[in-house]
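Side-chain atoms are counted along with the backbone in the values below, which use heavy atoms only and exclude waters and symmetry mates.
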Protein chains: 2
Amino acid sequence: MVSTEPATVRLQSIRRSPAQARILAVALNLFAEHGVSGTSLQMIADGLGVTKAAVYHKFNTKSEIVLAVAENEFAKLEAVLETAEILEPRVRAREMLLLRVIDMAIERRRWVSVLQSDPVMIRLLADHEPLLRITERVYGLLLDGATGPEARVAAAVMSAAIGGTLVHPLVADLDDETLRRNLLRITRRIFDVDG
Amino acid sequence: MVSTEPATVRLQSIRRSPAQARILAVALNLFAEHGVSGTSLQMIADGLGVTKAAVYHKFNTKSEIVLAVAENEFAKLEAVLETAEILEPRVRAREMLLLRVIDMAIERRRWVSVLQSDPVMIRLLADHEPLLRITERVYGLLLDGATGPEARVAAAVMSAAIGGTLVHPLVADLDDETLRRNLLRITRRIFDVDG
DNA sequence: GTCTATATGAAGATAGAC
DNA sequence: GTCTATCTTCATATAGAC
């Protein structure tokens with residue numbers, strides 16, 4: 001059978017009802033504050049002002065909520081990626097990706113920790129092909145063929161630096177613009193020499 | 001009453017029975033893998049090959065286990081700190097602290113994520129004075145009086161970079177020595193210009 | 001130091017009414 | 001889309017024996 005369906009559905013094309021979107025927004029906030037395991041369906045329901053049953057009507061399991069939250073966030077990353085991947089030369093594509101990822105991370109600084117370091121999220125990311133593929137594309141573009149330890153450590157440092165810095169208590173009181181300027185300066189320094 | 005007791009007990013002076021130490025070792029491993037909230041006392045008991053009641057005999061609550069795990073780890077940091085703080089000039093003290101923290105983090109790379117980013121741990125760290133004080137001393141020495149955004153972002157990036165890089169999938173297959181060499185090179189680059 | 005047994009509550013999850 | 005009611009499982013935690 002000849003199909004025009006893509007092998008992988010674009011995450012951006014996933015549509016949710018308003019009720020589902022509300023659940024995901026509340027869940028993301030609670031995940032960020034308490035971790036995925038530390039967040040119960042009761043807490044999500046309370047956050048929405050409804051009962052657990054109402055939440056279960058929209059998502060059959062807690063896992064589905066976690067996955068949907070991840071898909072939502074990775075859809076934004078996918079959009080950035082698609083724009084960057086068609087850019088030439090590659091060095092410009094990389095620069096652009098870096099800029100946009102930092103912007104995205106700063107915009108969503110209250111939430112990056114869940115996506116980057118929650119054990120449940122990490123496991124989901126490793127097991128769920130579409131999410132894994134997005135991550136691989138990001139690193140593929142960032143490393144641009146380089147596979148040596150230097151390049152990989154540099155990319156890992158950058159990823160850790162961007163995500164980890166934003167949630168750090170030392171910079172909690174800094175405004176977005178100051179944070180972006182400094183983060184960009186520092187990541188450029190990491191990147192330019194090794195990337 | 002005149003007392004020779006220090007206002008704060010040194011974390012290194014806390015002694016545990018062998019049974020307690022075994023519990024903490026198993027707990028730390030499970031916390032790293034599943035997060036603190038994702039780890040039950042049943043899992044810890046199973047990991048030890050005993051019943052829950054046996055664990056409860058040594059620690060009255062799960063919180064106590066979490067706190068003891070944190071104290072154990074921070075005691076190592078405290079030891080490094082005490083050695084560094086008496087060094088002169090300050091630039092040497094900072095260099096030494098950085099080196100030893102990186103070594104410590106690499107030695108304990110499977111566990112840094114719990115201490116650095118688990119929501120339960122973060123809350124504990126913010127609420128528990130003795131742990132908070134250790135953290136403040138680390139940043140105090142690292143920043144050495146600097147309070148500007150540049151210095152603070154640099155310190156945050158470094159902290160995030162060290163902890164976050166070690167657990168990153170991109171470097172999961174790299175040996176400790178390669179990791180240390182590259183991490184040191186990169187953190188020096190962040191540090192030397194801003195620190 | 002470890003066990004069995006048990007209490008109590010909260011978790012995930014479903015059925016069926018409105 | 002939301003409710004009440006209910007089920008089951010698992011969580012934290014304790015009592016008391018060996």
Practice problem: Please tell me which of B:His57 and A:Thr39 maps to the more 5' nucleotide of DNA chain C, matching each residue to the nucleotide holding its nearest heavy atom. | Solution: B:His57
Practice problem: Give the first and the last nucleotide of DNA chain D, reading 5' to 3', that has any atom under 4.0 Å from a heavy atom of chain A. | Solution: D:dG1 to D:dT4
Quiz item: Can you find a heavy atom in the side chain of A:Thr165 that is under 4.5 Å from one in the side chain of A:Asn182?
Solution: no
Exercise. Grab the two heavy atoms, one from A:Leu115 and one from A:Glu73, that are nearest each other, plus how far apart they are.
Key: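 Heavy atoms only, the tightest pair is CD1-CG, 3.6 Å.
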What's the [atom1]-[atom2] distance between [X] and [N], to the nearest Å?
X       : N      : atom1 : atom2 : result
A:His34 : C:dA11 : NE2   : P     : 12 Å
A:Asp46 : C:dA10 : CG    : P     : 12 Å
A:Lys62 : C:dA11 : NZ    : P     : 9 Å

Practice problem: State whether A:Tyr56 places a side-chain N or O below 4.0 Å from either non-bridging phosphate oxygen (OP1 or OP2) of C:dT14. | Solution: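 No, outside the criterion.
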Is [X] touching bases, backbone alone, or none of the nucleic acid, heavy atoms closer than 4.0 Å?
X       : value
B:Ser40 : sugar-phosphate
A:Lys52 : base
B:Ala53 : base

Quiz prompt | Electrostatic pair B:Glu88-B:Arg92, nearest N-O below 4.0 angstrom | solution =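 Salt bridge between B:Glu88 and B:Arg92, a charged N being under 4.0 Å from a carboxylate O: no.
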Practice problem: Evaluate the criterion side chain to side chain contact (heavy atoms under 4.5 Å, CB included) for residue pair B:Phe74 and B:Thr135; output intermediate values, then yes/no. | Solution: CA-CA 9 Å; B:Phe74 273 71; B:Thr135 315; 3.6 Å; yes
Exercise. Run through A:Leu166, A:Ile106, A:Leu174, A:Asp175 and flag the one making a side chain to side chain contact (heavy atoms under 4.5 Å, CB included) with A:Arg180.
Key: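 Only match with A:Arg180 under side chain to side chain contact (heavy atoms under 4.5 Å, CB included): A:Ile106.
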Quiz prompt | Near-ring test B:Tyr139/A:His168, centroid separation under 6.0 angstrom | solution =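 Yes; B:Tyr139 has its ring centre under 6.0 Å from that of A:His168.
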